[in-house]
Amino acid sequence: MNLLAPPRARLPIEVVFDLVCPWCFLGIRRLRRTLRARPDIAAELVWRPFLLNPDLSPQGVPRQEYLVRKFGGEERARRLHGTIAELGRAEGVDFHFERIRRVPHSLDAHRLVRWAARYGAADPIVEAVFEAYFLHGLDIGETSVLAGIAQRQGLDGQAARRFLGTVAEVEAVHADNLRAHRLGINGVPCFVIAGRHAIAGAQEPEVLERLLDVALVEGMGA
């Protein structure tokens, strides 16, 4: 421990996101890269669920059906996914949209993040769920898939499975989703820094860093 080093500034960052949103995966990777470059900041990430497809069947829908419904067809989706994949490579994310066979409802995945937060493991679980879905095409609406992710991150997979078999945190996820909409958030990712500054989209690290500096200056003057 370096006793001469200045104390790190504590900065809460609420991340409003959905686990089936590729822009969220990209934006969170950029946020993490920004924070790695700022050792003067001790950031606390608070994960806030946002449901992009709240009316989706609990069992999810076949990917082809979803693409037609959301984008009008696969061709338009392929162009968009190509752009995202190119941006992802710069962040070390090797998107494989073609491996996704079913678009899941993200409610249980968000519940797993909240459960993992009890054990201080929300951050790695978020990353692992994103990777399972966007890199490997796993169905993150399936209890067995989510329990396996928890176990691979060092948590109790059976306990995760039991938790997901209940209705625990269902209302909390819906309440956070409603809160986001009431705050005027209609697109994700959205980062709320120090409870005062919000910025939406998968922003470049330079943009995020400027907002972090504004929040730090305001914090010192508070």
Side-chain angles (χ1 to χ4, degrees), residues 15-29 47-78 80-82 84-85 88 91-117 119 121-174 176-177 188-189 202:
V15 182
V16 185
F17 75 117
D18 198 353
L19 287 150
V20 294
C21 168
W23 291 110
C24 291
F25 192 7
L26 179 64
I28 290 166
R29 274 289 181 96
W47 302 100
R48 299 293 189 193
F50 188 96
L51 300 175
L52 282 170
N53 305 302
D55 299 323
L56 205 66
S57 163
Q59 290 75 40
V61 295
R63 180 171 182 265
Q64 286 296 114
E65 179 183 328
Y66 179 82
L67 294 181
V68 169
R69 186 190 308 174
K70 191 170 183 70
F71 300 108
E74 189 167 358
E75 184 55 39
R76 184 171 167 226
R78 187 181 293 116
L80 176 61
H81 288 162
I84 297 172
E91 303 301 331
V93 178
D94 189 16
F95 283 104
H96 279 285
F97 294 103
E98 76 284 356
R99 294 177 179 171
I100 298 171
R101 293 288 175 262
R102 195 166 192 82
V103 176
H105 199 298
S106 58
L107 173 64
D108 281 350
H110 281 299
R111 292 173 62 217
L112 182 70
V113 172
R114 296 178 76 92
W115 176 79
Y119 307 100
D123 291 12
I125 285 291
V126 167
E127 181 73 14
V129 172
F130 273 135
E131 290 184 359
Y133 184 56
F134 287 112
L135 276 57
H136 305 295
L138 299 181
D139 186 347
I140 59 168
E142 285 283 343
T143 295
S144 59
V145 170
L146 293 172
I149 291 170
Q151 186 157 329
R152 287 191 293 275
Q153 293 303 309
L155 297 173
D156 186 333
Q158 288 302 316
R161 185 187 294 270
R162 288 193 298 272
F163 166 80
L164 292 169
T166 72
V167 295
E169 302 287 0
V170 168
E171 288 303 317
V173 170
H174 285 300
D176 263 358
N177 180 60
V188 287

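Computed over heavy atoms, backbone and side chain alike; hydrogens, waters and symmetry mates excluded. Not measured: the values here are computed from a predicted model.
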side-chain contact (heavy atoms from CB on, under 4.5 Å) between Leu19 and Val113: does it pass, once the steps are laid out? CA-CA 10 Å; Leu19 287 150; Val113 172; 4.0 Å; yes
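- You'll find the side chain of Leu26 reaches within 4.5 Å of the side chain of Glu91, heavy atoms only.
- Taking the charged nitrogens against the carboxylate oxygens, Glu169 and Arg114 do have a contact shorter than 4.0 Å, which makes a salt bridge.
- Listed for the Asp18 side chain is a donor-acceptor partner under 3.5 Å among the backbone atoms of Leu52.
- Minimum interatomic distance between His105 and Leu56 (heavy atoms only, all atoms of both residues): CD2-O, 3.1 Å.
- The side chain to side chain contact (heavy atoms under 4.5 Å, CB included) test with His110 is passed by exactly one of Trp47, Phe17, Trp115, Phe50: Phe17.
- When all heavy atoms are compared, the tightest approach of Arg63 to Val103 is CA-CG2, 4.1 Å.
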For Glu131 and Val93, what are the C-alpha separation, side-chain angles and deciding distance, and is it a side-chain contact (heavy atoms from CB on, under 4.5 Å)? CA-CA 8 Å; Glu131 290 184 359; Val93 178; over 6 Å; no
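- Counting only heavy atoms from C-beta outward, the side chains of Glu75 and Leu67 never approach each other to under 4.5 Å.
- Atoms NZ and CG, on Lys70 and Leu80 in that order, are 9.5 Å from each other to the nearest 0.5 Å.
- No donor-acceptor pair closer than 3.5 Å links the side chain of Arg76 to the backbone N or O of Val68.
- Here the CZ-CZ distance, from Arg78 to Phe97, works out to 12.5 Å after rounding to the nearest 0.5 Å.
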May I have the list of side-chain donor-acceptor pairs in residues 132-160 shorter than 3.5 Å, sequence neighbours left out?
from   : atom 1 : to     : atom 2 : distance (Å)
Asp139 : OD1    : Gly141 : N      : 2.9
Asp156 : OD1    : Gln158 : N      : 3.0
Asp156 : OD1    : Ala159 : N      : 3.0

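- When all heavy atoms are compared, the tightest approach of Val173 to Arg111 is CG2-CG, 4.0 Å.
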Run the numbers on Asp123 and Glu127 for side-chain contact (heavy atoms from CB on, under 4.5 Å), then give the verdict. CA-CA 7 Å; Asp123 291 12; Glu127 181 73 14; over 6 Å; no
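- Here CG of Leu107 is found 9.5 Å from CG of Leu164. Values are rounded to the nearest 0.5 Å.
- Among pairs with a residue in residues 92-104, those fulfilling side chain to side chain donor-acceptor pair (under 3.5 Å) read Asp94-His96, His96-Glu98, at least two apart in sequence or across chains.
- Inter-residue side-chain proximity for Asn177 and Pro49 is flagged as unmet; no heavy-atom pair is nearer than 4.5 Å.
- The aromatic rings of Phe25 and Phe95 stand perpendicular to each other, their planes meeting at an angle above 60°, with 30° marking the opposite boundary.
- From Ser106, atom OG reaches atom CG of Asn53 across 7.0 Å, with rounding to the nearest 0.5 Å.
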